[in-house]
Structure formats: structure tokens, C-alpha cells
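Starting from 1, each residue takes its place in the sequence as its number.
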Amino acid sequence: MKATVVVMPKASVLDPQGVAVKNAVHSLGLAAVESIRVGKVMEIELSGPLDAAGEKQLHTICHELLSNPVIEDYRLEISAS
């Protein structure tokens with residue numbers, strides 16, 4: 001099993017790294033890009049399927065360790081490897 005955690009800045013939070021990347025893209029000639037948000041992706045390899053308690057624990061880890069809930073949102077996707 002594999003868990004993928006996608007952490008992105010909340011929509012209401014300024015993303016200076018995204019702005020810098022957007023400006024770089026514009027300088028390379030692609031003016032059609034309106035905005036870019038920069039986040040992070042973590043892939044977690046699991047030894048087997050998670051039960052409900054394991055999935056809840058993984059959500060707690062995402063909320064308390066892998067993201068900053070004040071300025072970031074996370075999305076957890078669990079799939080077979």
C-alpha cells in the first residue's frame with residue numbers, strides 16, 4: 001500500500017514561492033499562466049492495508065507533523081502500490 005500526502009498553502013495565504021515561479025514562467029514567454037501554487041508531495045510506503053484506526057492515525061500525522069494547519073491544507077490518498 002502507498003499513501004500520498006499533498007500539502008498546499010491555503011487559498012487565503014499568499015504564496016511567494018508560487019509568485020516567483022509564475023514570474024519566471026512569464027519571463028520564459030508563457031504569459032497565459034495566471035497563477036501557480038507551490039506545495040509538497042510525500043509518498044509513504046505501507047507494509048499492508050490500513051484499518052480505520054490506522055487511517056485515522058495517518059490523518060493525525062498529516063495534520064500535526066506533515067502540514068502546518070494554520071497556513072496549509074493537506075490531501076491524503078491511499079492506494080495499492
Group every Ile, Leu, Val, Met, Phe, Trp and Tyr by side-chain heavy-atom contacts under 4.5 Å, then state whether [X] and [Y] land in the same group.
| X | Y | result |
| --- | --- | --- |
| V25 | V19 | no |
| V6 | I44 | no |
| L66 | L58 | yes |
| M8 | V41 | yes |

Could you list who else is in V13's hydrophobic cluster, with ILVMFWY side chains joined at under 4.5 Å, directly or through other members?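 Same cluster as V13: V70, I71.
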
If you look only at pairs with a residue in residues 31-60, which of them pass as a side chain to side chain donor-acceptor pair (under 3.5 Å), with sequence neighbours excluded?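 Counting only pairs at least two positions apart or across chains, the side chain to side chain donor-acceptor pair (under 3.5 Å) contacts touching residues 31-60 are H59-Y74.
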
Please step through side chain to side chain contact (heavy atoms under 4.5 Å, CB included) for the pair L50 and M1, ending with a clear verdict. CA-CA 8 Å; L50 290 176; M1 298 290 295; over 6 Å; no

So, taking the atom named NZ in K10 and the one named OG in S67, what distance separates them when rounded to the nearest 0.5 Å?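 Answer rounded to 0.5 Å: 9.0 Å.
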
Rounded at 0.5 Å granularity, tell me how far CE in M42 sits from CG in L65.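 With rounding to 0.5 Å, CE (M42) is 8.5 Å from CG (L65).
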
Is a donor on one side and an acceptor on the other found under 3.5 Å between the side chain of H63 and the backbone of P69?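 Not a single qualifying donor-acceptor pair exists.
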
